Number of protein chains: 2
Amino acid sequence: MPAPTLRSLARELGLSRTTVSDALCGSLRVKAATAERVRAAAKAAGYERNPLTGAVMSQLRRSRTQQFRGVLAAVELVEDVRSGIAVRYNSALLAGISERASQLGFNVERFVVGPQGVRIKRLDTILHTRGIQGVVLLPASGFPDLTALDWNRYTAVYTDYFIDHPPLHCVCSDHYRSMIALLRDLHERGYRRPGLFMEIPLSERLQYRWEGAFLAVQNAVPDISAVPTLRLQEITRSSFEAWFRKYNPDVVIGHSPEAVTWMKSTGARLPKTHGFVCLNVLRTNGNCATLDLQTAELGARAAELVVGQLLHNELGIPTQPSLTTIPARLIDGPTLRSAPRQRSPRHQSTSSIPPSIDSSRPLSLQEA
Amino acid sequence: MPAPTLRSLARELGLSRTTVSDALCGSLRVKAATAERVRAAAKAAGYERNPLTGAVMSQLRRSRTQQFRGVLAAVELVEDVRSGIAVRYNSALLAGISERASQLGFNVERFVVGPQGVRIKRLDTILHTRGIQGVVLLPASGFPDLTALDWNRYTAVYTDYFIDHPPLHCVCSDHYRSMIALLRDLHERGYRRPGLFMEIPLSERLQYRWEGAFLAVQNAVPDISAVPTLRLQEITRSSFEAWFRKYNPDVVIGHSPEAVTWMKSTGARLPKTHGFVCLNVLRTNGNCATLDLQTAELGARAAELVVGQLLHNELGIPTQPSLTTIPARLIDGPTLRSAPRQRSPRHQSTSSIPPSIDSSRPLSLQEA
DNA sequence: CGAAGAAAAAATGACTGTCAGAATTTTCCG
DNA sequence: CGGAAAATTCTGACAGTCATTTTTTCTTCG
């Protein structure tokens with residue numbers, strides 16, 4: 001027996017499609033007794049309305065001429081004042097979401113939840129009345145709690161490493177693999193004493209992924225020296241310079257591009273004697289080598305995930321949340337020396353070449 | 001002038017809706033000349049297909065009629081003799097793939113490529129003549145090369161960390177996060193000197209993810225002692241016992257369950273004095289605590305990805321390959337002591353609790 | 001009491017793109 | 001040229017909505 005539809009239900013009851021539809025939506029145009037009869041029959045037959053089709057039809061009927069499309073909500077949770085980086089990151093993400101969503105037939109609308117925007121309960125009402133079912137959550141500081149939403153109505157993706165209230169699918173940059181790939185690239189360029197500096201709050205937010213990869217390579221590759229990581233609540237000029245003088249790394253990796261100035265003040269000449277790579281392109285002004293976290297691609301993937309689930313009418317919280325990641329891309333810059341033009345076969349066969357960032361070669365240290 | 005629709009375009013051209021639709025989708029059912037004419041007219045009229053309606057209609061039409069949608073190929077690349085673990089892992093994966101695929105209306109057929117099976121070129125022919133478009137690649141040793149297939153005809157997912165020939169979407173267990181979560185759980189149970197042993201080939205295959213997470217936590221959490229990792233091409237009884245005696249870890253983490261015997265022979269009593277966790281449930285016999293890598297769920301997710309792309313007619317190599325991961329689940333066992341029943345609020349507020357494996361709490365070491 | 005008019009309730013039609021299968025046209029070969 | 005096979009095109013049904021139209025019920029007053 002095929003799944004009951006609005007029409008089959010109407011036939012059964014000797015009514016028209018519209019009357020059944022209106023009755024189930026609680027419209028006042030239908031007599032109370034009839035509405036009751038319809039609801040009972042729908043329940044008995046196990047009728048389930050197809051929400052996506054409903055949304056499409058509604059928009060189609062409403063706007064005859066203009067191009068009708070579905071709507072995704074891009075939700076930002078702003079608890080307090082945010083850094084410029086966070087704002088730029090989120091808007092880059094939003095751009096990626098919007099573009100891909102548009103290709104898939106959806107418009108994107110931004111909603112802000114928090115002191116500067118609406119309350120969560122209010123958001124639930126807005127989304128419901130607007131018939132919005134797809135939600136992309138932009139990264140929030142701390143550990144966001146959105147359990148107040150009625151999740152049976154929505155399908156959502158969080159664009160950060162982890163959300164537990166509720167546990168949703170996540171999309172995020174692959175910091176671990178990006179660091180491995182970066183170290184491989186630096187190794188190919190001849191650097192042997194990479195040094196990492198990192199703010200503790202950021203490190204914890206990413207579950208130490210930058211450091212974890214860094215430490216693993218230091219530990220596993222014999223000809224990379226073990227420069228200790230400079231790990232502080234906040235990186236200051238004096239602490240950086242002391243660390244830099246003491247361990248003299250030949251290439252420095254970290255988030256603050258000011259490190260270039262600090263390095264130069266201690267006598268380093270970039271890229272001749274030392275190198276520098278910034279871990280986030282959004283912090284730079286195009287004057288140093290850096291990692292592009294591919295924010296737009298992340299947004300695109302998030303949009304794809306949400307739309308994919310919507311099209312299959314998969315609403316609610318997933319049984320097994322997953323994490324989807326995309327590796328970063330190295331943007332070369334004047335703070336790095338270039339790789340030797342031709343690599344000898346002997347060089348290729350050594351056991352100590354970290355995986356390359358452009359994924360054009362195997363990722364093991366052992367060449368295949 | 002209202003936006004052109006499929007029907008208005010068809011009227012204009014003196015064709016039927018279907019012909020126009022097929023022509024724009026590049027179906028081979030339409031004569032080349034007609035298709036060209038339709039495409040030109042569509043472009044001139046500024047027609048834009050509504051992807052939302054298309055998806056709804058497709059789903060509708062399909063669900064009404066056929067119950068069987070197609071076949072997925074599960075491809076194994078077997079170069080040489082494989083370990084029992086690898087065989088068990090792949091068959092668990094295959095079970096997960098088959099089950100989810102079946103729910104989605106697909107059957108799964110297994111193909112073996114290599115000396116024991118068919119050649120890659122032959123696989124291409126088989127898949128083509130059978131009309132199979134969806135492919136799940138099971139993990140292969142080394143770095144598989146499948147560029148010989150005509151990728152315009154297929155959509156595929158690789159069930160391991162990385163494939164570059166061609167670069168496809170991947171689905172894999174989240175070893176990094178699983179290790180962080182495991183260490184958090186062990187910390188809650190009171191262990192403070194975790195020790196890790198690891199075979200180098202395995203470590204490199206996973207890009208040191210087990211070790212990376214382990215090192216990062218050792219480095220970041222003050223009250224966890226830095227027991228050096230036992231890192232060898234092959235773990236032997238004598239090397240293990242020497243390492244165990246020298247550093248005396250209070251809980252040992254690694255792949256070989258034989259370590260339990262080795263620990264006992266040096267005087268350890270489990271779980272009273274020492275603990276042990278195996279990193280892969282497939283290696284155990286249910287007699288020790290271990291990690292379930294959730295193989296079936298991985299297979300399910302892989303099947304979902306492939307089917308999702310198939311239903312949207314997205315064939316070929318993705319523009320930006322992504323990695324989808326699922327965290328492992330800790331299976332408790334007689335080799336671990338249990339966590340203290342009640343945790344004091346003071347305990348919760350310390351800064352040194354590694355994230356829990358069941359994702360029921362924030363993943364930073366800092367509690368929110 | 002009954003007929004006109006108003007109000008309430010229910011039905012109709014049109015709208016999107018897709019796909020299986022039917023219908024039509026073209027090609028091919030003896 | 002006949003007839004089968006292949007290539008091409010067309011038909012119909014399908015989802016839920018809502019402005020509009022039709023049908024039914026109710027009210028009111030000569």
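Labels below follow one simple rule: chain letters A, B, ... track the order of the sequence lines, proteins then strands, and each chain is numbered from 1. On a predicted model such as this, the values are computed, not experimentally measured, just so you know. Computed from heavy atoms alone, side chains included, the values below leave out hydrogens, waters and symmetry copies.
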Using only modelled atom types and a 3.5 angstrom limit, is any donor from either the side chain of [X] or the base of [N] paired with an acceptor on the other?
{"X": "Ser58(A)", "N": "dC18(D)", "answer": "no"}
{"X": "Arg49(A)", "N": "dG16(D)", "answer": "no"}
{"X": "Thr19(B)", "N": "dT8(D)", "answer": "no"}
{"X": "Arg61(B)", "N": "dG17(C)", "answer": "no"}
{"X": "Arg17(B)", "N": "dT11(D)", "answer": "no"}
{"X": "Thr18(A)", "N": "dT17(D)", "answer": "no"}

To the nearest 0.5 Å, tell me how far Thr295(A) OG1 sits from Leu94(A) CG. 12.0 Å

Gap separating the OG atom of Ser98(B) from the CD atom of Gln103(B), nearest 0.5 angstrom: 11.0 Å

Hey, does [X] reach any base, or is it just sugar-phosphate, or nothing, if we go heavy atoms under 4.0 Å?
{"X": "Gly14(A)", "answer": "sugar-phosphate"}
{"X": "Val30(A)", "answer": "sugar-phosphate"}
{"X": "Leu52(B)", "answer": "nothing"}

Atom-pair distance ([atom1] on [X]; [atom2] on [N]), nearest Å:
{"X": "Met57(B)", "N": "dT18(C)", "atom1": "CE", "atom2": "P", "answer": "9 Å"}
{"X": "Tyr47(B)", "N": "dT16(C)", "atom1": "OH", "atom2": "P", "answer": "9 Å"}
{"X": "Leu24(A)", "N": "dA15(D)", "atom1": "CG", "atom2": "P", "answer": "14 Å"}
{"X": "Lys31(B)", "N": "dT24(C)", "atom1": "NZ", "atom2": "P", "answer": "18 Å"}
{"X": "Asp22(A)", "N": "dA19(D)", "atom1": "CG", "atom2": "C1'", "answer": "12 Å"}
{"X": "Arg7(A)", "N": "dT17(D)", "atom1": "CZ", "atom2": "P", "answer": "11 Å"}
{"X": "Glu48(B)", "N": "dT16(C)", "atom1": "CD", "atom2": "C1'", "answer": "15 Å"}
{"X": "Leu311(A)", "N": "dA15(D)", "atom1": "CG", "atom2": "C1'", "answer": "14 Å"}

Test Thr19(B) against Ser16(B) for side-chain hydrogen bond (donor to acceptor under 3.5 Å, both in side chains), laying out the working first. CA-CA 5 Å; Thr19(B) 310; Ser16(B) 72; 3.0 Å; yes

Side chains of Arg301(B) and Arg100(B): does their closest heavy-atom pair fall under 4.5 Å?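 Of all side-chain heavy-atom pairs linking Arg100(B) with Arg301(B), none is under 4.5 Å.
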
Do the non-hydrogen side-chain atoms of Leu72(A) and Asn107(A) ever get within less than 4.5 Å of each other?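 No, side chains not in contact.
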
Nearest to the side chain of Asn50(A) - dA10(C), dC14(D), dG16(D)? dG16(D)

Nearest of dT8(D), dG17(C), dT11(D) to any side-chain atom of Ser16(B)? dT11(D)

Pick the nucleotide of DNA chain C nearest each of Leu6(B) and Thr34(A); which residue has the one closer to the 5' end? Thr34(A)

